[in-house]
Amino acid sequence: MVHAEPGDDKMQKMYFLTGLMGCGKTWWGQRLAERLNLPFVDLDEQIEAGEGMSIPEIFNRLGENGFRQLEREYLRQLAYTPEAVVALGGGAPCFFDNLEWMKAHGIVIYLDTPVPLIVARLAANQHNRPLLANTPVGQLSERLENLLRQREPFYRQAHITIEQTGDTDLLPLLEAAIAKFHANSKW
Ligand code: S3P
C-alpha cells in the first residue's frame with residue numbers, strides 16, 4: 001500500500017471527487033477522467049457490482065452502518081489502482097479515517113454546491129438515495145442543509161475546492177485548479 005503526502009514522488013495519481021449527493025461528482029468525474037486520460041471509478045458502482053445489490057438494497061439489508069463498512073473496504077481496495085478519477089458517495093469522507101486515507105493517496109476535490117441547486121436536481125430522483133428517500137420534497141432543503149452542516153468540516157479539508165454556482169461547465173475550473181495544485185507540488 002502506498003502512503004504519501006502531496007508533493008511526495010510515491011503518491012498515486014488519484015483524484016477523489018467529494019461533495020453532497022447531487023453535486024455532480026459522477027458527471028464531472030467522468031469528464032475530468034476523459035480530459036486527463038485516466039480511468040474513471042464510481043465507488044458506489046463498485047460496491048453495487050461487488051456486492052450484487054443496489055445501494056438502497058444494501059441500506060435495507062445492512063443498515064447505514066453496514067453500508068459504511070463496505071464503503072470503507074472498497075475505498076481501501078483503490079490502493080491497488082495506480083491512477084484514476086474517483087467519484088465517491090457523499091458521506092465517504094465523513095466516516096472512519098477515510099478522508100485521511102484519501103489525502104494520503106491522492107488529491108481530494110470538493111465540489112461546493114449551493115443546496116437550492118442540489119434540491120432542484122434531486123427532487124425528481126431522491127428515491128434511489130436512502131438518506132433522502134423518506135424526506136418529503138418540501139423538507140429536502142432542510143435535510144440537505146443539516147447534512148451539509150455536519151459534513152462541511154470534512155469537505156473543507158479537501159486539497160481543492162471548486163465553487164459551483166449554477167449549471168455551468170466545471171471542467172475548465174477543475175483543470176485550472178489541478179494545474180495550480182501541481183505547479184505547487186512535486187506530484
Ligand atoms: C450517500 C450518498 C450516495 C450513496 C449513499 C449515501 C451519502 O452517493 O453513497 O446513498 O451519505 O451522502 P451520491 O453522493 O453519489 O448520491
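Start at 1 and go down the list; that is how both ligands and their atoms are numbered.
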State which residues pass side-chain contact (heavy atoms from CB on, under 4.5 Å) with Gln30; sequence neighbours excluded, sorted by chain then number.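 Per chain and number, Gln30 pairs via side-chain contact (heavy atoms from CB on, under 4.5 Å) with Thr26, Phe40.
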Under the side-chain contact (heavy atoms from CB on, under 4.5 Å) test, which residues partner Ser141, sequence neighbours left out?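 Partners of Ser141 under the side-chain contact (heavy atoms from CB on, under 4.5 Å) test: Val115, Val119.
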Check this for me: does any side-chain nitrogen of one of Arg76 and Asp97 sit under 4.0 Å from a carboxylate oxygen of the other?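 Asp97 and Arg76: salt-bridged.
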Residues clustered with Val137, ILVMFWY side-chain links under 4.5 angstrom: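 None; Val137 is a cluster of one.
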Which residue is it: Asp112, Leu148, Thr161? I am looking for the one with a side chain to side chain contact (heavy atoms under 4.5 Å, CB included) to Tyr155.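 For Tyr155, the side chain to side chain contact (heavy atoms under 4.5 Å, CB included) test succeeds with only one of Asp112, Leu148, Thr161, which is Leu148.
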Answer whether the closest heavy-atom distance between the side chains of Asp44 and Phe67 falls below 4.5 Å.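 Sidechains of Phe67 and Asp44: in contact.
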N/O to N/O under 3.5 Å, ligand 1 against protein:
from     : atom 1 : to     : atom 2 : distance (Å)
ligand 1 : 8 (O)  : Asp44  : OD2    : 2.9
ligand 1 : 9 (O)  : Asp44  : OD1    : 3.1
ligand 1 : 9 (O)  : Asp44  : OD2    : 2.7
ligand 1 : 11 (O) : Arg68  : NH2    : 2.6
ligand 1 : 11 (O) : Gly91  : N      : 3.4
ligand 1 : 11 (O) : Arg151 : NH2    : 2.7
ligand 1 : 12 (O) : Gly91  : N      : 3.3
ligand 1 : 12 (O) : Arg151 : NH1    : 2.7
ligand 1 : 12 (O) : Arg151 : NH2    : 3.4
ligand 1 : 14 (O) : Lys25  : NZ     : 2.6
ligand 1 : 14 (O) : Gly90  : N      : 2.9
ligand 1 : 16 (O) : Arg129 : NE     : 2.8
ligand 1 : 16 (O) : Arg129 : NH2    : 3.3

